[in-house]
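Here's the structure we're looking at; comments come further down.
The basis for the numbers below is simple: all heavy atoms, side chains too, and nothing from hydrogens, waters or symmetry mates. Residue numbers begin at 1 in each chain, while the letters A, B, ... track the order of the sequences.
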2 protein chains.
Amino acid sequence: MSALRGLPTPCALVDLERLERNAAMMRRRARTLGVGLRPHVKTHKVPAIARIQHDGAAGPLTVSTLTEARAFAAAGFRDILWALPLPHGRVQEALTIAGGLDRLGLLLDCAPTADELGSSAALHGTDAAVYIKVDCGYHRAGVDPDSDEALDLARRIHAHPRLQLEGLVTHAGHAYSCLGPSAVAEVGLREGAAVLRLAQRITAAGLPRPILSVGSTPTVMQATGLPGIDEIRPGNYAFFDAFQAAIGSCSLDDCAFTVLAQVIGRYPATGSLVLDAGALALSADPGPRHVAPDCGYGRLFNQDLSQPYPRLRLAALSQEHGKVQVRGGLRPGEFPVGSRLRIVPNHSCLAAACHPVYHALRGDLVAAQWEPVRGW
Amino acid sequence: MSALRGLPTPCALVDLERLERNAAMMRRRARTLGVGLRPHVKTHKVPAIARIQHDGAAGPLTVSTLTEARAFAAAGFRDILWALPLPHGRVQEALTIAGGLDRLGLLLDCAPTADELGSSAALHGTDAAVYIKVDCGYHRAGVDPDSDEALDLARRIHAHPRLQLEGLVTHAGHAYSCLGPSAVAEVGLREGAAVLRLAQRITAAGLPRPILSVGSTPTVMQATGLPGIDEIRPGNYAFFDAFQAAIGSCSLDDCAFTVLAQVIGRYPATGSLVLDAGALALSADPGPRHVAPDCGYGRLFNQDLSQPYPRLRLAALSQEHGKVQVRGGLRPGEFPVGSRLRIVPNHSCLAAACHPVYHALRGDLVAAQWEPVRGW
C-alpha cells in the first residue's frame, strides 16, 4: 500500500472515513425523513463509492449522463434515473441500456420529447419509464406544476401505450444561492410543495399517483420533514466541499474530496505562493462568493488535513498554476518550495471530474485507486 | 467517414480549415517577427495538432505537464520546454524523460529548486537544461528581472557542473485583462523588455547569453517587432476562443474549437432554452467580462457555423446543463427541442480539456478523431 506522502502532485484524494461518515449520515437522514435514497452519482462517477453510499448494496441511483448509466449498470446497479431532459439524439441508446435494467428512468418536460420517446419505444418494442421534470423555482428546466401544460403532459404520457408515467422529479438548484440555512429550508419546502401540487392535480384527473422525487444536498440537509415525498436525490454530500460548508450544509471537516498540491513558487516580496494545482485540477468554479466574498478557489490545509491555513487564500487559477495570497505576508521559512498542501475545492463535483484517478485514503495510506467514468 | 450531423451531443469539434489557417498565420507571424516558434500545446494536448502547427515537422514545443512531455516525446518531438516552475517531487521523472530527448527545458525561479535539480542531475549523472522564469508584471511566478536575486540565480545555475543555463522565459498572462489591443501591445513590449534587461545583466556579469523566450497569444498577435527576442510560445492561437475574440486577438470566425450541443429544454414563458452542454463540456470559465460583461459562457452558432445567434446568451452553466436566455423571447417555432448548435467557448484550453475525444472536421465530415492526453 502506498502512502499519502509518496503521491505525486497534483492528485485527487478521497478520505474514506469522511466518505463513509457522510454516507451513513445521509442513510440515517433518509430513514428519519421516511423517504427512499437515490443518490446522484455525478459527483464522483465511481461505482465503488455508490456502494458505500448504499452500505454495500446496489441501490437506486441518479446519473447525469448515459456513460454513467452504462458504467453503473455494468457494476450491478439495476434501478437508475437519468436526471437530464432526454436529448432527442440519445433515445435509442437510452432504450438499449434500459433493456438490461430493472428500470432506467427518463426525464422529460415537453410534449415533443414525449412523442419522440413514445415513437422510439414503440419501434424498439419496449416500455419506457418516464419522469416529468417539474420546475420548483430554479427556472432551469421543468414544467410549471400549476400549468395546464403540466397536466396535459401527464395525460399524454399516460395515454401512450409504451410510456409509463413513473414519477415527478424536481431539483432546487437555487438553494445554492441562498444566504443561509433558513432560506435553504424555505426553498426546500417549496421544492416538495411543487411536486405535491402537481401530483394532486394528476390523481384528481384520474391518473395513478406518480413517485415524488426531490432533492439537492442543501435542501435535504436543512429538511425537518418531507410529507408526501417518496425519495431524495442528493449527490454532493458524498464529498461535500467548500461551497456546501459556506452555505451551512456541512463543516469543512466533512469534506471527503481534496486535491493534493505542492508549493512550486514562493515570493516573499508579494507575499504569494504558486501551487501546481490550477483550473485543470480544481475547476474554475468561483465558489460561494455570495456568502463568502473572500472564498478564493478553495480552502487550504496541511498535507494530513490536521491544520487549516486560514491565512492562505487561493486567489487565482490559471491552467496549471494556483496563486495563493498570504494574509500578512510570508514569514521567514514558512511554506518553502516543495511544501505539500491539501485543497478543499469550491465545488467537488467539477473538481473531481478533472481527475483520471482518485486515491482513496484510509488515514495516510492509499487503500484503493478509483477511475471515475468520463464523457457522455 | 462519419458526418457532423450524426455526432452525438455534447462533443468537441475541431475545424481543420480554421486550425490550419491559424497555424499558418502564426508561422508567418514568427517569420515576419524574426523569431523561432515554440507553440504551447497545453491548449489541445494532441501530437497531430502540434504537427499541423509546425507544418508537418516535429518542431520545438512548450508543454504544461510531464504527461504532455511524455506523450509528445513518444510522438517524435525532441525539443520540449516544460513551462511550469519545476515541482520538487517530479525532478527524477523529468530527468528520465529528458534522457530520451534532445532537450527537455526545465523552468525554475529560485535557489532551492536550482539546488534540488542540481543534486538530482548529479545523482542521475546527466545534465539539465535550465530556463529561468522571469516576472514581466503578471506577478504569478518568476524572478524580478532587476533584482539581485535574479542575477544570483543565473550565477548559481551557471556555476553548477550539471546545470546549463539555456534561457530566460516570461509570459505576460496579464495581457488577458487588458481593455484593448493597444494596452495588450504595451504589455507585450514590457514582456520583451523584462527578459532583455536580465539578459544584459547576465552577459555583463560574464555569463553566456541565454535564449530569450516570450509570448502569450494576445501579446504575440499585437506585436509589431520583437528586437532581441529569440522565440515565442503562443498556445491558444491554434484554437482561439471567445475570450481572444473579445480582446482583439482574432475574430469569432477564426475559432477552430467548438462544442456541439442540442436543445433539450425550451421554455417560451421565460424565453429560455436548456442545452446538453454544461460546465463539464465547456468549463466554468467566466470569460472576458472585463470587456464584454454580457459574454455569458460562450458564443452560439448554428450547427455548421454559418449563422451566429447573437440573440442567444449562454447565461448559466451547471454540471451538464447550459441555460440560454433568448433576447426578446422565443419566437413561435424557433429552436425546437432537438435543434443542434455550436458553441465557441470562452476559454478553449479549459473547454478542450473537458473532452476525451475531439472530432476533427473537414467541412461537414469527420476526418479524424483525436484523444488528447490528460492528467499530470
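When B:K42, B:E93, B:K323 are compared by the number of non-hydrogen pairs under 4.5 Å with chain A, B:K42 comes out ahead. Most heavy-atom pairs under 4.5 Å with chain B, from the set A:A281, A:A315, A:S147, A:G278: that is A:A281. Taking B:G265, B:G375, B:S64, B:G173 one by one and counting their heavy-atom pairs under 4.5 Å with chain A, the maximum is reached by B:S64. The choice from A:V274, A:L280, A:D276, A:V357 that makes the most heavy-atom pairs within less than 4.5 Å of chain B is A:L280. Note on B:L84, B:T9, B:T65, B:D285: by heavy-atom pairs under 4.5 Å with chain A, the leading option is B:L84. Contact count versus chain A (heavy atoms, under 4.5 Å) is highest, among B:A353, B:P10, B:C349, for B:P10.
A donor and an acceptor atom, one from each side chain of A:D135 and B:Y267, are nowhere located under 3.5 Å apart.
Looking at heavy atoms from C-beta onward, A:C110 lies out of side-chain contact with B:R266 at the 4.5 angstrom threshold. Residues B:S272 and A:R140 have side chains not in contact (no heavy-atom distance under 4.5 Å, counting atoms from C-beta outward). No side-chain heavy atom of A:L86 sits less than 4.5 Å from a side-chain heavy atom of B:I264.
With a 4.5 Å cut-off on non-hydrogen atoms, A:E320 touches chain B through its backbone and its side chain both. Contacts of B:A83 with chain A are made by backbone atoms alone, with heavy-atom separations under 4.5 Å and no side-chain atom involved. If you measure heavy-atom distances from B:V337 to chain A, the contacts under 4.5 Å come from both the backbone and the side chain.
The nearest pair of heavy atoms linking A:P356 to B:R374 is CA-NH1, 3.5 Å. In terms of heavy atoms, A:W376 sits closest to B:C354 at CH2-O, 4.0 Å. The two residues A:Q262 and B:G89 come nearest to each other via the heavy atoms NE2-N, 3.5 Å.
Rounding to the nearest 0.5 Å places NE2 of B:H40 at 7.5 Å from CD of A:Q319. Here the straight-line distance linking atom NE2 of A:H88 with atom OG of B:S339 works out to 9.5 Å at 0.5 Å rounding. With rounding to the nearest 0.5 Å, the separation of NE2 in A:H171 from NE2 in B:H321 is 8.0 Å.
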Next on the checklist: Under the criterion side chain to side chain contact (heavy atoms under 4.5 Å, CB included), I'd like the reasoning laid out for A:S318 against B:Y176: C-alpha separation, chi angles, the key distance, then a yes or no.
Outcome noted: CA-CA 11 Å; A:S318 38; B:Y176 285 82; over 6 Å; no
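Other residues, nucleotides and ligands contribute only 12 or fewer heavy atoms inside 6.0 Å of the CD atom of B:E371. Residue B:R5 qualifies as open at atom CZ: its count of foreign heavy atoms under 6.0 Å is 12 or below.
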